[in-house]
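Quick notes on the structure that follows.
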Amino acid sequence: MTKRIILGAFVTISYIFLSLQCVLAWGPERPTYTMENPADHVTFNSITNNSAIGDEREFVRIVDKAAGGKYVTEMEIEANKDYEVYIYYHNNASRTLNDKAHNYKGVAYNTKLATDFPSKLAAGERGQVYASISSPTATPEKVWDEAFITAKEDMTLHYVTGSAKIHNSWDTNGAIVPTYMFSPEGTYLGMNELNGMIFGCGEFSGHIIYTIRTKIANDDVKEKGVDNQENTLPDQETTKKTAETDAQTDIQTDDPKKSIRPVILICAGIGITVVIVKALSSRRK
């Protein structure tokens with residue numbers, strides 16, 4: 001009876017944890033700010049009343065490119081169509097902290113974007129378009145979010161080469177973002193150069209837009225996608241990623257919201273349960 005109670009409690013806790021992970025797309029949990037009361041340090045996408053996008057924690061959105069309309073956080077997608085992914089970034093530090101008098105406390109350095117999306121989806125399958133903004137000078141160092149997509153039919157998904165562009169009010173406006181953004185390390189963002197430097201305040205914010213092209217799945221589809229003149233999706237074994245690659249690959253991240261953390265938690269829970277059961281058995285003897 002005792003064994004059943006312990007195991008049942010563990011299963012319940014694990015289920016609740018995994019359910020919460022699925023519900024909460026953005027992360028990590030962090031202090032929030034407003035446009036009227038910005039942060040006193042470097043932090044990204046934590047303002048809740050941004051006049052342009054609302055809650056900045058939901059900074060990944062998607063739209064049907066042909067239909068246009070509002071970018072959304074969840075939608076059904078169809079084969080043989082183009083979809084635009086929108087990723088917003090904003091260093092929420094007060095503008096007053098960008099100067100020498102404040103030791104450039106409001107300036108973010110080595111700011112990077114990393115993003116990912118599924119290479120294929122089955123009919124009815126729900127996938128995630130993921131992005132993170134990171135800087136070693138920010139607190140927290142990395143923030144992430146996801147938009148959710150559900151396939152109307154079996155399909156493969158492809159990055160349209162050269163479609164990723166940064167949009168801001170500075171010299172990098174309209175620049176093509178390297179495909180390093182599809183690697184775990186990500187690629188640099190920036191204002192006058194893509195060098196990772198982002199000042200604090202809304203006037204230095206921006207966004208990246210790139211296009212995903214969907215294709216209907218057929219017998220010629222390889223496990224990781226279809227070869228075409230725009231993209232060649234590599235096999236999962238491919239480990240070398242260069243700035244010249246024209247492929248979208250799966251990204252393994254160390255974000256606790258991704259699959260690694262639940263697996264570790266379950267394994268740890270099982271180990272603890274085994275120890276408790278053994279201790280109870282020894283006591284009975």
Reported CG-to-NZ distance for the pair Asn98 and Lys105, which is rounded to 0.5 angstrom: 12.0 Å
Phe182 and Phe117 aromatic ring geometry - parallel, tilted or perpendicular at 30°/60° bounds: perpendicular
side-chain hydrogen bond (donor to acceptor under 3.5 Å, both in side chains) involving Tyr188 - partner list, sequence neighbours excluded: none
Side-chain (Ser183) to main-chain (Met181) donor-acceptor, under 3.5 angstrom: no
Nearest heavy atoms of Asn168 and Gly206, plus distance in Å: CB-CA, 4.2 Å
Test side chain to side chain contact (heavy atoms under 4.5 Å, CB included) applied to Ser94 - qualifying residues, sequence neighbours left out: Pro38, Thr96, Leu97
Pairwise distance NE2(His90) to CD1(Ile53) - rounded to 0.5 angstrom: 9.5 Å
For Glu185 against Lys112, the heavy-atom pair lying closest together: O-CD, 3.1 Å
Nearest-0.5 Å distance, NZ of residue Lys81 to OG1 of residue Thr214: 8.0 Å
Rounded distance [0.5 Å steps], CG in Asp64 versus CE in Met75: 5.5 Å
Thr172 side chain vs Met191 backbone, donor-acceptor pair below 3.5 Å: yes
Contacts of type side-chain hydrogen bond (donor to acceptor under 3.5 Å, both in side chains), residue Glu203, not counting sequence neighbours: Arg95
Non-hydrogen side-chain atoms of Ile77 and Leu121 separated by less than 4.5 Å: yes
Identified side-chain contact (heavy atoms from CB on, under 4.5 Å) counterpart of Tyr89 within the set Leu113, Ile208, Val143: Ile208
pair Asn45-Arg30: side-chain heavy atoms closer than 4.5 Å: yes
Check: His41/Thr43 side-chain N/O donor and acceptor closer than 3.5 Å: no
Passing candidate, side-chain contact (heavy atoms from CB on, under 4.5 Å) with Ile133, options Thr115, Asn91, Leu189: Leu189
Distance in Å, Lys152 NZ paired with Glu76 CD, rounded so as to fall on 0.5 Å steps: 5.5 Å
Side chain to side chain contact (heavy atoms under 4.5 Å, CB included) involving Pro136 - partner list, sequence neighbours excluded: Asn110
Side chain Asp145, main chain Val60, donor-acceptor under 3.5 Å: yes
Residue pair Ile209 / Tyr71, side-chain heavy-atom distance below 4.5 Å: yes
Min side-chain heavy-atom separation Thr48-Thr34 under 4.5 Å: yes
Exercise: identify the closest heavy-atom pair between Gln128 and Ile149: N-CG1, 4.4 Å
Side-chain heavy atoms of Asn49 within contact of Glu36, under 4.5 Å: yes
Side-chain heavy atoms of Val129 within contact of Glu146, under 4.5 Å: no
Sub-4.5 Å side-chain heavy-atom contact between Tyr83 and Val85: no
Asn50 backbone acceptor or donor facing Glu56 side chain under 3.5 Å: no
Shortest non-hydrogen contact from Val72 toward Ala147: O-CB, 4.4 Å
Distance in Å, Lys65 NZ paired with Glu84 CD, rounded so as to fall on 0.5 Å steps: 5.0 Å
Close side-chain approach of Met197 to Tyr109, heavy-atom, < 4.5 Å: yes
Geometric class of the Tyr86/Tyr88 ring pair [parallel <30°, tilted 30-60°, perpendicular >60°]: parallel
Under 3.5 Å: donor-acceptor pair, side chain of Thr111, backbone of Gly196: yes
Worked verdict on Phe59 versus Trp26 for ring-ring contact (aromatic ring centres under 6.0 Å, His included): CA-CA 8 Å; Phe59 61 87; Trp26 55 262; 9.9 Å; no
Remaining members of the apolar cluster that contains Tyr33, side-chain heavy atoms under 4.5 Å: Met35, Ile47
Over all atoms of both residues, closest heavy-atom pair of Ala108 and Val42: CB-CG1, 3.6 Å
Transitive ILVMFWY cluster of Ile176, excluding itself - 4.5 Å side-chain cut-off: none
Salt-bridge present (Lys120, Glu125; N to O < 4.0 Å): no
